[in-house]
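Structure record follows, encoded as structure tokens.
It should be emphasised that the depicted structure is a prediction, and the values quoted were computed from it without experimental measurement. Here is how names work: the chains are called A, B, and so on, in the same order as the sequence lines, proteins then strands, and each is numbered from 1.
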Amino acid sequence: MDMRAPANANAVTPRNRRRLPVGGWELALTGLLAAVVVGFGAAAPGFYTGPASLLGLTENFLPFGLVALGLSLVILTGGIDLSVGAVASLSAVLAAQLWSRFGVDIWAAAAVGVALGGVLGLVNAGVILRLGIEPLIATLGTSFLYGSAAVAAAGAEPPSGFPGGFTALGTGTVDGVLPASLAGLVPIQLVVFAAFAVLFSALVARSPFGRVLVMVGYSPDAARYSGIRTGRVLVTAYAVSGAMASLAGLVLASYYDAVRPDMGDVLLLTAITMVVLGGVSIFGGEGTVAGVVVSVLVLGFLRQGMLIAGFSDMVTTMLTGAILLASIAVKNLFNRRGTGLANQIWAMIRRPEPPRANPS
Amino acid sequence: AESGTPDTAKRIKVAMVPKLVGLSVFKANEDGAKAEAAKLNIDFLYTGPVTASAQGQVDAFNSLIARKFDVITTTSNNPTQLAPSLMRAMKAGIKVVAYDSDVAPAARDFFIQNTAYPAFGKALVESVIKYAGPNAKIAILSSTPDATIQNEWIGAVKTYLAATYPKVEIVATEYGQSSPSQSLTAGLNILQAHPDVTGIIAPDGAAVVGAAAAIEKLGKTGKVFTTGASNPDAVRQYVKSGVIKETPLWDEVKEGQLVMYVARLAANGALKDNDTFTAPGLGTYEVKDKVIVFSEPLIFDASNIDQYKF
Amino acid sequence: MPGLYAAQGIRKSYGTVQVLKGVSLDLKPGRMVTIMGENGAGKSTLFKILAGQVPPSGGTLSLDGAPLALASPSAAHARGIYLVPQEPALLPELSVAETMFVGALPTRRGPLGRVDWTAMRARARAALDALELPIAVDRPARTLSIAQQQQVECAKALLRGCRIILFDEPTSPLTSHEVEHLFSIIRRLRADGCTLSFISHRMDEVLEISDEVAVLRDGLLVDVVDRPSFDRTRLLSQMVGRPMKAVPRRSVSNARDEVALEVRGLSDGARFHDVGFSLRRGEVLGLAGLVGAGRTEIAETVFGIRPAAAGEVRLGGETVTGLDCHAMIRKGLVYVPEDRARHGAVLPMTITENVTSGLLERVRRRAGLLSARDETRISASAVRDFRVRCAGLDQTLRELSGGNQQKVVFAKWMTTGPRVAILDEPTRGVDVGAKEEIYEMIDAMARDGMALLVISSESEELVRLCDRILSVYEGRIVAELSGAGITPAAVARSYLTAAAPSGGVAA
Amino acid sequence: MSAAAARSPAASRPSWRERRELVLVAVTAASAGVVGLVNPGFLTFENLRFVALNSVVLSIVALGQTLVIAMRGIDLSVAPLMGLSAMVCGLLAQSHGLPLWGAVGIALALGLALGTLNGVLVAALNIPPIITTLGTYSLFGGLTFLYSDGTQVDQVPPAYAAFGNAGPLGLPVPTPVLVLVLVTAACWFALNHSRFGRAVLAVGNNAAAAYNAGLRVTAIRIQVYALSGLLACFSGLVFVCYTGSATVTTGTGDHVELQSIAVALVGGTLIAGGRANVVGTVLASLFLSTVLTALVFLQVPPIWYSAGEGLMILVAVRGGTRRAGGTA
Ligand SMILES: Nc1ncnc2c1ncn2[C@@H]1O[C@H](COP(=O)(O)OP(=O)(O)OP(=O)(O)O)[C@@H](O)[C@H]1O
Ligand SMILES: Nc1ncnc2c1ncn2[C@@H]1O[C@H](COP(=O)(O)OP(=O)(O)OP(=O)(O)O)[C@@H](O)[C@H]1O
Ligand SMILES: [Mg+2]
Ligand SMILES: [Mg+2]
């Protein structure tokens with residue numbers, strides 16, 4: 001470790017060594033994604049029957065991705081949001097009821113739903129900041145409240161059968177806007193997800209908000225002493241997480257052409273897995289949206305591929321758990337600071353040190 | 001359609017997708033279906049989610065579409081949520097046969113109803129009121145507030161009660177979330193909070209077991225009676241001990257057989273929306289507006305329960 | 001007397017970084033050996049190896065001539081070797097007595113192995129008494145001040161029967177008075193025949209307490225000197241690897257007439273009361289006092305990160321009382337905190353990100369996003385102006401040595417162009433070479449007309465830097481020194497005389 | 001030696017610890033009293049006996065969770081472990097007539113083995129606890145399914161049912177409640193008066209400092225996760241004995257993992273580790289059981305039960321279990 005320059009060091013302006021938005025973890029995940037897609041394409045008949053079918057598969061898992069994007073902001077701050085599932089259900093149910101009971105236009109109702117998700121996120125932040133309750137337990141508590149409210153709002157016969165334009169959100173493809181050769185190829189969900197992925201990626205990597213978000217995640221104290229209003233940052237993160245969860249709930253509503261008070265329950269654990277596998281540290285600060293996006297695709301295609309290959313739901317879930325554990329273990333073994341076990345072993349193999357005499 | 005053996009020349013792939021894979025009643029369907037499939041030259045697959053989630057069923061449907069199955073048979077967690085995916089299957093030329101719990105009519109070719117709702121409602125009422133008396137105060141212990149089939153049955157129970165036993169009063173409605181433990185707790189709570197209740201109608205497999213266990217634990221055997229919709233294995237001990245005098249269901253194994261038979265007919269295109277057919281070893285069935293009623297309720301009691309193992 | 005602890009050719013690498021390159025050192029009973037060296041020279045690493053906390057990559061240890069392999073800290077304790085860590089090992093929710101016994105709780109006889117709380121308390125009491133430390137054994141450990149934590153650590157070493165005691169920078173968070181108390185403990189241990197070793201950046205202390213000084217540079221032991229041949233300049237030059245001169249008192253004042261910061265009757269209702277002073281442009285004002293005197297609280301309240309109960313703060317004539325620190329920074333008042341790792345820097349973030357984090361608005365935007373080029377420009381000029389030694393602007397702060405981290409934190413605030421800067425312990429844990437550079441930067445900023453408030457527990461430092469010094473005792477300003485009145489002795493006396501009438505200083 | 005001197009040093013601190021227990025006892029008694037006024041049936045011995053009995057399974061899991069949280073960890077895999085043990089013991093008993101002592105042995109062995117797996121992943125491979133147990137949550141859930149092959153437990157032999165419901169030697173207090181008292185006493189003793197328990201707290205306070213003080217942190221971590229697994233699996237056995245049933249969703253379906261965390265925190269254990277309250281955990285679980293039963297007696301519509309649970313968590317945790325400056 002010799003970073004001490006000679007005495008006239010002030011003449012030197014050190015340059016940046018690298019400024020890629022992605023690191024080794026993202027690249028490793030991308031390799032894994034390629035392996036998953038190619039592997040299932042070759043080995044599982046029905047997985048790849050043309051580009052439309054492959055892209056069409058994404059419709060089955062992108063709502064998880066939308067939740068994961070929002071949740072990654074919260075986890076970057078070092079918090080957690082266990083209420084995303086309940087928020088998704090509650091806002092989808094309320095939006096559907098607005099449409100079916102009160103005749104509100106479905107898109108207006110959907111907009112109200114997303115806004116409501118933001119408000120529920122604000123409530124989470126309020127409970128965390130005002131009542132001083134840890135995020136884990138605070139959002140656990142609110143998830144019970146929101147879940148109850150969703151059941152109450154749904155009634156015995158929750159609405160279904162939305163207008164065709166709305167169901168296209170979950171199951172339609174983008175036509176007209178794109179070149180004719182792409183007609184029927186690109187799911188609307190994929191476009192929505194891609195747009196948010198780019199937006200969130202830019203937000204976290206290069207926007208002032210993203211910078212303070214990461215800073216709060218690494219060190220809330222240092223952020224406060226730097227004049228950052230950390231409360232506002234947290235409030236924004238939880239509100240965005242809530243709004244993204246609602247959006248996912250509405251996409252699910254459109255995909256199923258129906259709402260249910262428990263429809264969001266499945267989102268939570270998978271979305272957390274996606275964020276964590278994407279390289280976002282559960283302790284905050286570290287991680288990129290690009291990693292989360294790739295991990296959404298890896299886990300999504302993996303699950304669809306395994307189901308098509310004939311594995312049962314349970315085996316697929318077990319394998320997802322195993323992959324999560326194995327990849328984080330591997331990541332720990334080769335950690336960034338070079339102190340991981342594997343790095344040390346590697347350094348020992350590569351460069352045996354001869355003993356040196358003490359010059360004194 | 002013609003009676004007798006259907007055309008089994010072409011081997012077809014049929015999947016059975018239950019609400020969730022870990023319940024004995026669905027396992028009984030599977031047993032029947034598997035046996036029948038072997039006779040009908042069917043490649044049979046039993047798959048589904050581990051928890052009762054529509055998402056899990058849709059995942060299963062999607063993979064079956066990709067694998068080009070000929071028929072999907074399913075009992076749905078939710079009538080509306082599964083519809084888009086099943087309609088996609090139908091568009092891809094796959095026949096869809098719902099059984100047990102229906103999906104939206106537009107999203108399936110045929111529905112095999114366990115028993116007619118009014119008949120089952122009547123059976124539920126009779127198997128309790130016969131013992132609790134026509135002035136009884138009773139409670140309902142269901143699965144979840146929005147379970148379609150349970151709500152249909154509860155509706156039928158109420159209609160039948162109003163017409164036949166107007167003095168019977170329903171004092172509480174609780175939900176056990178299809179979980180035996182939550183059903184047990186709910187059952188205990190009902191009996192403690194309403195000591196005058198002498199009958200519990202629990203039209204759900206987990207609920208009736210929970211209610212029966214609660215009655216037994218409180219030592220109210222012979223004073224409070226319960227009934228529900230459960231496979232005989234799960235309630236055998238309670239039927240023998242007298243907590244449950246009678247409990248209606250249907251023969252799940254046979255139902256599984258019928259599901260496969262209908263799947264074969266549907267794949268062959270040999271069944272019309274309104275039709276009759278005779279399945280060897282099962283009986284003659286009428287198709288009415290795509291709906292086939294499987295059987296009258298089958299009442300289990302201490303005398304016959306040991307004939308059924310599922 | 002047994003206790004000769006020797007290290008032979010110790011090497012240590014972290015990944016590809018070689019921290020120790022073959023160090024040999026003898027620690028003898030009844031002697032105090034001090035290790036000096038720049039930040040990142042490998043001093044703490046050497047101690048951790050000696051105490052079994054980190055395995056060496058090569059080399060051997062021996063105790064009284066017999067080879068020694070230490071698998072864990074508990075193995076070291078068993079051999080009587082104890083390390084008082086750089087950051088004391090606080091277990092906040094446990095009692096003082098229990099923290100002292102962690103890992104070695106006494107149990108009563110019987111099948112249950114019940115912990116013997118009575119014995120534990122009594123023995124903890126006895127160990128503290130032996131060092132004349134008036135600390136209640138039942139207090140939760142989180143209520144201990146840093147000085148008390150150090151003292152408890154010494155008692156803990158004795159309690160475990162450890163006679164080879166290593167102190168890693170025990171004095172850096174202490175004031176001169178507390179250092180004296182610690183040294184009296186150390187002298188007693190030495191007289192008892194304990195084998196002692198110590199790391200410090202403070203030259204005066206080192207010369208006062210040591211029997212032998214070893215200088216470590218870049219992982220190699222470059223010099224070992226016995227007490228008779230101690231020589232300040234030689235030690236300094238050996239450490240830095242270039243000739244150095246000793247620290248003089250500053251001569252010129254840059255103070256102008258214009259008042260930059262004015263504080264009137266400020267109280268937080270608990271830790272300090274009725275604090276008032278004014279600070280002129282170009283002036284360097286010092287705050288002296290014991291640890292816990294409330295200087296940090298005063299600074300933080302002025303900065304707006306801590307609420308005030310009463311009083312007024314005026315910045316360049318404008319009343320800014322009650323503004324939060326976000327607003328203060330934008331009005332031109334900045335605060336460089338004393339706890340660099342927790343409050344000053346974000347160690348896992350890059351130099352660039354740390355430099356711009358003080359005032360992100362100054363980075364140009366493109367479509368609402370921060371311009372990478374502009375950010376690099378700001379950070380590159382900061383690194384140049386503040387002479388930060390680094391391999392690149394996107395190095396994380398964690399990879400820099402302490403002194404360079406401190407310079408980055410400095411740069412973060414000084415490049416926002418403040419009118420007033422509060423510097424809290426600006427050279428804590430910073431080695432002599434970097435210290436001198438920081439002093440020069442402070443001088444330069446004062447020359448440019450910035451008003452500076454410097455909080456320091458090292459009298460020499462205040463004497464070196466300040467035009468005027470306020471002495472704080474128990475939350476009140478008790479004395480003011482200026483001009484020729486400023487000497488190290490006068491500074492220490494100024495708050496100790498305030499302490500004397502009320503019956504001695506809190507331990 | 002005086003009684004005061006024999007107490008753990010923790011007890012001599014400002015008495016929030018005692019307060020937390022008193023608060024829980026008070027609010028539980030108060031809610032029971034209020035409900036009793038509205039519906040006297042609530043205060044019968046029978047009903048209270050079931051309120052207690054209903055809390056046993058969760059309490060045992062939550063005791064393990066308390067130890068883990070005290071060490072600054074978290075264990076989400078308790079829910080599938082509980083289900084796995086209920087399924088394995090129940091199926092073996094139902095179809096192979098496994099004797100009760102055999103089931104106890106199997107449950108404990110299973111818990112020890114799988115809990116140790118969690119511990120090794122956390123302590124030796126350095127995977128954050130929440131991620132480790134999120135991963136093993138899926139794995140253990142899968143094992144349950146693979147083992148049961150889609151069947152369920154409907155009935156257990158009389159010896160099991162007797163163990164789960166009746167009192168030993170004709171006592172009116174059911175065996176599970178007595179077992180819970182024993183387990184609680186053991187955990188209380190371990191945490192407050194044994195070297196092991198104090199070491200767990202030291203690790204929770206500051207793992208690096210604990211290591212430097214000579215504690216074998218890795219081993220302690222593994223042991224605590226093993227204990228948590230053990231208690232989760234034991235609670236699965238109690239569950240199957242008490243309810244006579246087990247399905248693939250036992251444990252996970254009721255979100256026992258979240259409930260156990262909630263009652264541990266409500267009981268006064270710090271999420272940041274270092275401070276735990278074993279008795280508080282059990283009282284909080286009892287409080288939860290009381291509230292949920294009370295809602296039925298008060299004829300609150302069932303859809304609001306989980307809202308009641310959520311409110312209870314927020315209100316009770318609000319009672320000040322936060323270490324100043326500590327963030328999760
Ligand atoms: N766990 C570790 N992993 C990687 N590098 C490390 C680790 N610990 C120390 N280092 C590096 O080893 C070098 C020596 O560190 P050490 O703590 O021994 O320095 P020091 O002489 O005590 O400095 P200071 O005066 O700042 O305390 C530093 O460059 C540091 O970054
Ligand atoms: N008596 C005490 N008991 C416990 N903690 C204390 C005590 N006195 C001070 N502290 C803590 O020690 C730290 C330093 O105290 P404070 O900031 O008030 O003094 P200061 O004069 O700024 O000292 P410093 O020399 O460290 O700058 C603070 O974090 C404070 O909370
Ligand atoms: Mg050091
Ligand atoms: Mg201070």
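Residues meeting the ring pair (Phe, Tyr, Trp, His ring centres under 6.0 Å) test with A:Tyr225, sequence neighbours left out: C:His343.
Note on A:Arg224 versus C:Glu300: no salt bridge recorded, every NZ/NE/NH1/NH2 to OD/OE distance being 4.0 Å or above.
Between A:Met215 and C:Lys412, the shortest heavy-atom contact is CE-NZ, 4.4 Å. Among all heavy-atom pairs drawn from C:Ile329 and A:Ser226, the shortest one is CD1-O, 3.5 Å. Contact between A:Ser207 and C:Leu369 at its shortest, heavy atoms only, is CB-CD2, 3.8 Å. Heavy atoms only, all atoms of each residue included: C:Cys325 and A:Gly227 are closest at SG-CA, 3.7 Å. A pairwise comparison of heavy atoms in C:Leu360 and A:Pro208 identifies CD1-O, 3.9 Å as the closest pair.
Only the side chain of C:Asp324 comes within less than 4.5 Å of a heavy atom in chain A; its backbone stays farther off. Only the backbone of C:Ala345 comes within less than 4.5 Å of a heavy atom of chain A; no side-chain atom from C-beta onward does. When heavy atoms are compared at a cutoff of 4.5 Å, C:Glu361 does not approach chain A at all. For C:Phe386, no part lies under 4.5 angstrom from a heavy atom of chain A. For C:Ser379, no part lies under 4.5 angstrom from a heavy atom of chain A.
The local environment of CZ in A:Arg232 is sparse, with at most 12 non-hydrogen atoms from other residues, nucleotides or ligands closer than 6.0 Å. Counting non-hydrogen atoms of neighbouring residues, nucleotides and ligands closer than 6.0 angstrom, the CZ atom of C:Arg330 exceeds 12 such neighbours. Applying the 6.0 Å contact sphere to CZ of C:Arg366 captures no more than 12 heavy atoms from other residues, nucleotides or ligands.
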Point to revise | CA sep, side-chain torsions, deciding dist, call: C:Arg365, A:Arg206, side-chain contact (heavy atoms from CB on, under 4.5 Å) | key: CA-CA 10 Å; C:Arg365 312 287 157 101; A:Arg206 292 253 33 113; over 6 Å; no
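Considering only heavy atoms from C-beta on, A:Arg211 stays 4.5 Å or farther from C:Ser357 through its side chain. No side-chain heavy atom of C:His326 sits under 4.5 Å from any side-chain heavy atom of A:Ile228.
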